Structures are given as C-alpha cells and as structure tokens.
Amino acid sequence: MTKSALQIARAAYQPKLPKALKGHVKAVAGEATQSVADQEAIQKLFPNTYGMPLIKFETSSEATTFPVMNVGVILSGGQAPGGHNVISGLFDGIKKLNPANKLYGFILGPGGLVDHNYMELTADIIDEYRNTGGFDIIGSGRTKLEKVEQFEKGYEILKELGIKALVIIGGDDSNTNACVLAEYYAAKNYGVQVIGCPKTIDGDLKNDMIETSFGFDTACKTYSEVIGNIQRDCNSARKYWHFIKLMGRSASHIALECALQVQPNVCIISEEVEAKDMSLDDIVTYIAKVVADRAAKGNNFGTVLIPEGLIEFIPAMKRLIAELNDFLATNAEEFSHIKKSHQRDYIISKLSPENSAIYASLPEGVARQLTLDRDPHGNVQVSLIETEKLLSEMVATKLAAWKEEGKYVGKFAAQHHFFGYEGRCAAPSNFDADYCYSLGYAASALIANGKTGYMASVRNTTAPADEWIAGGVPITMMMNMERRNGEMKPVIQKALVKLDGAPFKAFAAQRDHWAMETDYVYPGPIQYFGPTEVCDQPTKTLQLEQAK
Ligand code: FBP
C-alpha cells in the first residue's frame with residue numbers, strides 16, 4: 001500500500017484508553033436490566049440473555065490468567081470512520097489476555113461467516129490499518145444474519161477455527177441480529193459468546209447507555225468542513241443558493257450536527273416536519289420565504305441543509321408513496337404497457353384525489369423516480385430521490401409566482417450537492433480513534449469475563465478519555481417490538497432527533513437569526529495534531545446532550 005504522509009504520521013498515534021482498561025481489569029455487575037418496552041414479549045424471545053446486569057469495568061490489583069481462545073470479528077453495514085481502530089483495540093485486548101489468542105476477520109460482512117470466508121488478522125496486518133478510515137481491512141457487507149441455517153453454517157466455521165467469541169460491529173439492525181445470534185448459541189450451549197459494537201455515521205444507535213455510535217463524529221466534521229468551504233465561497237461570490245443533502249438514511253442527526261457546526265441559512269429537520277404534519281409545500285414555502293427575505297436585503301445567496309431521509313417523514317408524501325407502492329404492485333402488467341410519455345397522466349388518473357394532486361405538483365424527474373426506480377421488493381428507492389433538486393426546483397417555481405405578484409424581487413440561482421460517501425471512510429478524528437479503540441478493548445474485556453449478548457459501551461465521552469467509563473450493556477435492554485414486513489419483531493429502538501432535546505432546542509433558538517444574518521462558521525478540516533481545543537472536541541450534539 002502506498003501511504004500518504006498523513007497516514008504514515010498517523011500510524012504512530014496511540015489512541016487513548018479509559019483508565020479502567022489500562023491495567024488489570026475487573027468487571028463489576030450493576031442492577032439487572034429490562035428492555036425499554038414490551039418486556040414480556042422480549043423476555044419470552046430471549047430467555048437466556050434477557051435481564052442481565054449492566055457491566056462496568058474497574059481497575060483491579062490482581063492479574064488473572066486466561067486460557068487461549070480465538071476471536072472472530074465482522075464489520076456489518078455502511079462504513080464508518082474508526083472501524084479499523086475497533087479491530088485494533090480488540091486485537092491488542094485479546095493479545096494482552098493471552099498472547100497466543102488469535103483474531104479472525106470474516107470477509108465482506110456477515111456473509112463471510114455464513115460462506116466461511118475469513119482471514120487471520122496478524123500483528124503485521126493490524127499495524128497497517130491502525131488509525132485509518134475505511135473498512136477495507138476485511139470489507140463490509142449488508143447480509144442479514146437472521147436465519148437458523150445461517151447461524152448453524154456460522155457455527156461450523158467458528159468450531160473449526162476454535163473461535164469462542166464473535167464481535168459484530170454494526171448498526172441497530174446488525175446488533176439486533178447479534179443479540180438473536182447470542183441467544184441462539186446460548187440456547188444451544190455452543191460455547192460461543194457474541195458481542196456487539198455500536199457503529200453508524202447516522203448517529204441513530206444511541207440511548208441512555210450508548211452515548212453515540214462511532215463514525216458520527218468524523219463524518220459530521222468532514223461534511224461540516226466542506227459545507228463551511230461552500231459557505232465561504234457563497235459569501236464571496238454572492239450569487240448562488242446551495243442546496244446540500246446530507247446522508248443519514250432516516251434520522252436527521254447528521255444534518256442537525258452540521259447545522260450546529262456551520263450555522264447555515266436553512267436546515268430542515270425531518271422529525272420536526274413529521275411532528276408538525278408539514279406538507280412539501282409548507283417546506284418549500286418556508287425556504288422560499290427565507291430566500292425572498294434575504295433578497296429584500298440584497299442577499300441573493302445562502303445555504304440549505306436537507307437530511308437524506310426527508311421525503312419519508314413528510315406525512316403526505318408517505319401516504320403517496322404507500323399508495324404508489326400498492327398500485328404499481330397490483331397493476332405492474334398494465335403499467336408496463338403505457339407509453340412513457342403517458343405514464344405521468346396515467347398515474348394521475350389512477351390515484352386517490354389527495355395523492356393525485358400531490359403527484360401532479362411534483363417536478364417531472366421526481367415523479368418519474370417515484371414510479372420507475374424500485375428496489376427488489378417493489379418499493380420506491382427513496383434515497384435515489386434528489387430531494388435537493390426537488391426542493392430547489394419547487395422553490396424556483398414559487399419565487400417566480402411571487403415575482404409576478406410583486407412579492408419577490410431578486411435573483412435565484414441554485415447549486416446542488418450530496419455529501420455522504422466522502423465522510424464514511426475519512427481518517428478518524430482523535431475522538432473516533434480513541435472511542436473506537438476503547439470500544440474494541442472493552443469488547444475484549446467482555447469476552448474475558450464470559451459475557452454474551454452485550455454491546456461494548458464507553459460513556460462520559462465529553463470528559464478526557466482517561467475518565468471515560470467502559471463497560472457493557474445487555475442488548476436486550478435496548479429492544480422493543482416493532483412491525484417489520486407485516487410481522488412483530490424484536491428490534492433495537494432507533495434514536496431519532498428529539499424535538500425536546502438540547503441539540504434541537506439550541507438549533508431552533510438560533511435558526512431565525514442564521515436565516516437572515518450571514519453568520520456562517522467555517523470549521524476547517526479535521527486536525528490530528530495541535531491544540532486540544534482544535535483536535536479533541538466531541539460533536540456539538542454530544543456536548544449539548546451531556547451539558548449538566
Ligand atoms: P449503516 O446504518 O449501515 O451504518 O449505514 C448508513 C448509511 O451510510 C446511510 O447514511 C445511507 O443511507 C446508507 O448507509 C447508504 O448505504 P449504501 O452504502 O448501501 O449505499
């Protein structure tokens with residue numbers, strides 16, 4: 001691998017660990033736990049892993065000897081900065097338990113376990129990847145581990161390699177499946193522990209015990225750097241409105257964090273749109289009003305942040321998409337015979353009056369995306385909808401109408417951006433480098449203590465790393481029952497933006513000021529070397545949530 005100068009210098013960085021994980025470690029059990037909801041149903045489904053206590057690690061004066069055991073690791077789902085450090089923390093942790101322990105990585109996600117596709121991760125390999133972004137050390141994948149046949153196929157290879165513990169690094173769905181697997185292996189007495197680690201740039205795997213998912217910090221800082229650069233460009237040329245869509249499949253944590261970092265003129269929060277039952281037209285009117293008000297002051301420029309998942313949070317759009325899904329599923333044959341040029345009118349004539357009117361109001365390209373691009377289950381691929389273009393086109397139309405009515409005097413020219421993939425494999429910030437290494441190390445301590453069905457946790461993360469609290473949380477504690485594909489399933493509750501939470505309140509208190517004034521903040525690139533206030537700040541979200 002040809003390395004950049006930063007990669008070479010960064011390889012020497014020694015991630016910080018919480019004090020309790022530095023020497024000999026003992027696990028202290030807390031109170032027994034309960035699931036966040038649906039206790040009876042979850043307990044029934046997880047008789048072997050329900051109700052376990054919270055675990056906190058503390059420094060011990062006694063050294064313990066551990067027998068040799070091999071460990072497996074899987075990276076699951078979308079990439080998030082810091083995954084390599086979870087693996088290096090896990091590697092260093094298990095080698096400290098017993099230098100003869102081996103770590104095996106399953107290739108390209110959970111599929112690697114089922115297909116027996118693996119590699120041993122030796123010290124030389126690990127050293128190549130310390131403090132780097134990406135998941136390329138073993139690759140990732142989105143295969144869902146949920147069927148008994150997959151669990152059994154997995155067990156075959158675990159047994160063959162002498163693997164006694166499996167660490168699954170993933171988001172809410174992957175950790176839900178990790179918990180189901182832990183329960184299955186426990187019920188079968190297979191002697192394989194399963195431990196989860198909280199990953200996703202989306203920031204939606206968090207709760208009272210998991211303060212943040214790893215990767216959120218670096219991804220948001222990367223997006224905020226480029227949004228800041230765009231804002232400076234836009235404040236220099238003063239001729240464009242930039243419509244910027246930000247990744248985050250469902251929750252708006254990324255958009256909100258970026259807004260707190262860069263102070264844009266507009267940021268839409270999907271959870272608020274849903275709570276206020278806003279229509280697409282309400283959102284367009286809100287943006288157009290900011291554009292018109294700024295134009296009245298001679299400012300024909302600005303920035304608009306849009307969360308990726310917005311469309312599905314607009315109640316009326318949700319209803320339209322549901323009707324389209326049903327209609328096209330039952331009338332696929334007839335629809336396939338309609339000439340392309342007549343398809344739009346055909347759909348308009350078939351939908352219910354409310355949905356038909358919304359569909360007719362959509363720009364041609366978006367209407368087409370809603371009827372053409374469907375996933376293998378026949379559903380609209382919402383992430384392919386270019387919401388940033390949809391909104392800017394509709395804002396332009398509204399402004400043109402207002403101009404005719406004499407309500408708007410100004411020029412409107414838009415640029416469009418989508419920031420997502422460029423943040424998922426960035427070199428981890430100091431926060432993510434330390435947090436991930438600590439999570440991996442905590443996972444090794446959970447393994448050493450014979451735990452299964454736990455997620456590694458590191459808390460008190462706005463304090464210096466030395467004071468972080470490492471431990472484990474029973475995954476069943478985070479679960480509730482939700483309807484998935486028509487069936488009630490146990491799943492980890494997804495954390496959406498809380499409208500009564502401190503980060504949203506801080507944003508809502510300032511957004512009117514940011515809309516009218518050009519009060520942009522330019523965060524600049526992530527810094528790895530230098531003053532601690534520049535290099536080690538956690539996200540604004542964490543700082544606001546943890547503020548006492
Ligand atoms: P995870 O939840 O698996 O971490 O992935 C999150 C994410 O990055 C979303 O923000 C985005 O919508 C999605 O993955 C994109 O998925 P893909 O990489 O399959 O295009």
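This one's a predicted model, so the numbers in the text were calculated from it and none came from an experiment. Numbering of ligands and ligand atoms starts at 1, following listing order.
- More than 12 heavy atoms of other shown residues, nucleotides or ligands fall within 6.0 angstrom of atom CD in Glu545.
- Contact shell of ligand 1 (protein heavy atoms, cutoff 4.0 Å): Gly77, Gly78, Arg142, Lys199, Thr200, Ile201, Asp202, Met247, Gly248, Arg249, Glu308, Tyr421, Arg424.
- Residue pairs meeting the ring pair (Phe, Tyr, Trp, His ring centres under 6.0 Å) criterion with at least one partner in residues 130-152, sequence neighbours excluded, are Phe151-Tyr184.
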Quiz: residues 211-218 side-chain donor-acceptor pairs under 3.5 angstrom, not counting sequence neighbours:
unit_1, atom_1, unit_2, atom_2, d
Glu211, OE1, Asn460, N, 3.1
Glu211, OE1, Thr461, N, 2.9
Glu211, OE1, Thr461, OG1, 2.5
Glu211, OE2, Asn460, N, 2.7
Ser213, OG, Thr200, O, 2.6
Asp217, OD1, Lys221, NZ, 2.8
Asp217, OD1, Ser429, OG, 2.7
Asp217, OD2, Lys221, NZ, 3.2
Asp217, OD2, Thr539, N, 3.4
Thr218, OG1, Ser429, N, 3.1
Thr218, OG1, Ser429, OG, 3.2
Thr218, OG1, Asp432, OD2, 2.5

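- Both the sub-6.0 Å distance and the 45° axial angle are satisfied by Arg10 relative to the ring of Tyr13.
- In summary, the aromatic rings of His417 and Phe419 are positioned with their centroids under 6.0 Å apart.
- In terms of the salt bridge (charged side-chain N to carboxylate O under 4.0 Å, His left out) criterion, Glu393 has no residue partners (sequence neighbours excluded).
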